[in-house]
Number of protein chains: 2
Amino acid sequence: MYSIGELSKRTKVKVPTIRYYEEMGLLSEPERTEGNQRRYDAAGLERLSFIKHARDLGFSIEAISKLIELQGHPDRSCQAASEIAVSQLSDVRAKIKRLRALEKELVRISKGCDGAGVSQDCYVLASLADHKLCRHEH
Amino acid sequence: MYSIGELSKRTKVKVPTIRYYEEMGLLSEPERTEGNQRRYDAAGLERLSFIKHARDLGFSIEAISKLIELQGHPDRSCQAASEIAVSQLSDVRAKIKRLRALEKELVRISKGCDGAGVSQDCYVLASLADHKLCRHEH
DNA sequence: GTAGTGTCTCTAGTAACTAGAGGTTCAAGA
DNA sequence: TCTTGAACCTCTAGTTACTAGAGACACTAC
Ligand SMILES: [Zn+2]
Ligand SMILES: [Zn+2]
Ligand SMILES: [Zn+2]
Ligand SMILES: [Zn+2]
């Protein structure tokens with residue numbers, strides 16, 4: 001049996017976050033000591049590792065909820081899991097695309113100013129004031 | 001003079017967001033009609049366009065505050081502006097890096113499951129349960 | 001038995017908005 | 001001039017995924 005602090009050390013998930021996951025329904029309520037402290041078993045540890053891994057990969061709490069629900073029903077179709085993964089991938093790709101556009105623009109903007117001048121002539125400020133100076137869509 | 005709705009149309013910033021920017025101190029309080037409605041002049045429109053553009057480029061409200069402050073003092077050094085732009089660029093690059101790592105992993109994960117199977121054998125669920133299946137750092 | 005650390009619940013704060021309630025003002029047409 | 005409907009007002013609360021802090025209790029080791 002692990003205390004919440006033990007679990008935290010093993011999973012690198014902070015203690016308040018573990019409690020938060022419980023409140024959100026991702027973790028089922030663990031046993032308690034007579035003094036009301038949480039005690040987790042191996043299954044609890046596994047479940048939290050799953051959640052941590054999914055969070056690290058950018059899945060939302062809601063998506064993880066659905067995945068865990070599915071995990072609890074081994075004979076159900078995994079179509080939902082596949083859809084969640086695909087949608088997560090396309091989210092990530094959309095974000096990358098947007099960030100690359102921003103990157104290009106920001107490179108131009110920061111190249112245009114070395115910080116040695118004066119606010120009035122600053123290329124950074126001028127660029128923000130006028131989208132027409134932009135070379136790319138964003 | 002523009003009403004808040006006019007301003008919203010011209011800048012594509014939603015009405016409640018304009019009020020929010022005012023509350024955050026990004027926009028100075030505009031004149032009001034006798035009936036207490038906001039009326040903006042050309043300077044207000046310009047200011048909001050600046051904010052919108054900076055937000056589109058991912059700058060935080062706090063960063064934009066500093067940039068606007070600088071804009072109000074044309075003879076000050078623009079070093080701060082340069083630093084803000086550089087730091088924004090490196091933020092964006094860090095995010096891209098992380099997302100690319102996630103993308104690789106998610107490609108592997110979603111390729112491993114077409115949704116036709118059953119939860120018990122699902123590669124998506126197995127991958128989330130076991131980081132050792134991962135091919136990349138993330 | 002006591003000290004010190006860990007744990008408990010509860011509230012509030014973070015970023016940047018967004019939604020809704022309940023009420024007032026404006027502009028245009030009859 | 002009157003009316004009607006859209007736009008506007010303030011205020012509160014909700015969103016996401018936590019994080020921080022207060023004040024009190026539990027556990028472990030010496
Ligand atoms: Zn400059
Ligand atoms: Zn631009
Ligand atoms: Zn599957
Ligand atoms: Zn992994």
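Letters A, B, ... mirror the listed sequences (proteins, then strands); counts begin at 1. When reading the values below, keep in mind they use all heavy atoms of this one structure, side chains included, and skip hydrogens, waters and symmetry mates.
When distances are taken from the side chain of A:Arg38 to each of C:dT18, C:dT9, D:dT10, the shortest belongs to C:dT9. Side chain of B:Tyr20, nearest nucleotide from D:dC8, D:dC18, C:dA16: C:dA16. With C:dA16, D:dC8, C:dT7 as the candidates, the nucleotide lying closest to the side chain of A:Val15 is C:dT7. Comparing atom distances between the B:Tyr21 side chain and each of D:dA17, D:dT19, C:dC17 picks out C:dC17 as nearest. Considering only the side chain of A:Thr17, D:dT19 comes nearest among D:dC27, D:dT19, C:dC17.
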Can you list, pair by pair, the side-chain donor-acceptor contacts under 3.5 Å of residues 51-61 of chain A, counting residues two or more places apart and other chains?
unit_1  : atom_1 : unit_2   : atom_2 : d
A:Lys52 : NZ     : A:Asp56  : OD2    : 3.1
A:His53 : ND1    : B:Ser127 : O      : 3.2
A:His53 : ND1    : B:Leu128 : O      : 2.9
A:His53 : NE2    : B:His131 : ND1    : 3.1
A:His53 : NE2    : B:His138 : NE2    : 3.4
A:Arg55 : NH1    : A:Phe59  : O      : 2.6
A:Ser60 : OG     : A:Glu62  : N      : 3.4
A:Ser60 : OG     : A:Ala63  : N      : 3.1

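Distances shown here put a side-chain N or O of A:Arg32 below 4.0 Å from the OP1 or OP2 atom of C:dT9. Proximity of A:Thr33 to the phosphate of D:dA26: no side-chain N or O atom is located under 4.0 Å from OP1 or OP2.
With sequence neighbours excluded, no residue satisfies ring pair (Phe, Tyr, Trp, His ring centres under 6.0 Å) with A:His136. Not counting sequence neighbours, the partners of B:Gln37 by the side chain to side chain donor-acceptor pair (under 3.5 Å) test are B:Arg39. In this view, A:Glu22 and A:Arg38 satisfy the side chain to side chain donor-acceptor pair (under 3.5 Å) rule, not counting sequence neighbours. With sequence neighbours excluded, no residue satisfies side chain to side chain donor-acceptor pair (under 3.5 Å) with A:Tyr40. Under the rule for a ring pair (Phe, Tyr, Trp, His ring centres under 6.0 Å), B:His73 has no partner lying at least two apart in sequence or in another chain.
Non-hydrogen atoms lying under 4.0 Å from DNA chain C are contributed by B:Arg55, B:Ser60, B:Ile61, all within residues 40-68 of chain B. For the segment residues 85-96 of chain A, no residue has any heavy atom less than 4.0 angstrom from an atom of DNA chain C.
Between the CD1 atom of A:Ile18 and the P atom of C:dG6 there is a distance of 14 Å, given to the nearest Å. To the nearest angstrom, C1' of D:dG21 lies 12 Å from CZ of A:Arg19. At whole-Å resolution of the value, CE in B:Met1 and C1' in D:dC8 are 16 Å apart. D:dA7 atom P lies 13 Å from atom CD1 of B:Ile4, rounded to whole Å. As a whole-Å value, the separation of A:Leu7 CG from C:dT7 P is 10 Å. The CG atom of B:Leu26 sits 9 Å away from the P atom of C:dA16 (whole-angstrom rounding). The CG-C1' distance, from A:Leu27 to D:dC18, rounds to 14 Å in whole Å. Rounded to an integer number of Å, the gap from A:Glu23 CD to C:dT9 C1' is 10 Å.
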Sort me out a list of protein N/O and nucleotides 19-24 of chain C N/O pairs below 3.5 Å, or just none if empty.
none

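In this structure, the side chain of B:Ser119 engages the main chain of A:Leu70 through a donor-acceptor pair within 3.5 Å. Although no hydrogens or angles enter the test, the distance criterion places no donor-acceptor pair under 3.5 Å between the side chain of A:Thr17 and the main chain of A:Val13.
Sorted by first then second residue, the side-chain hydrogen bond (donor to acceptor under 3.5 Å, both in side chains) pairs that include residues 4-14 of chain B, not counting sequence neighbours, are B:Glu6-B:Arg10. Applying the salt bridge (charged side-chain N to carboxylate O under 4.0 Å, His left out) test to pairs two or more places apart or on separate chains, those with a residue in residues 81-102 of chain A are A:Arg93-B:Glu103. Among pairs with a residue in residues 119-138 of chain B, those fulfilling salt bridge (charged side-chain N to carboxylate O under 4.0 Å, His left out) read B:Asp130-B:Lys132, at least two apart in sequence or across chains.
We find that B:Glu69 and B:Lys66 are not joined by a salt bridge, their nearest charged nitrogen and carboxylate oxygen being 4.0 Å or further apart.
Along DNA chain C, the nucleotide nearest to A:Arg39 and the one nearest to B:Arg39 differ in position, and the one closer to the 5' end is contacted by A:Arg39.
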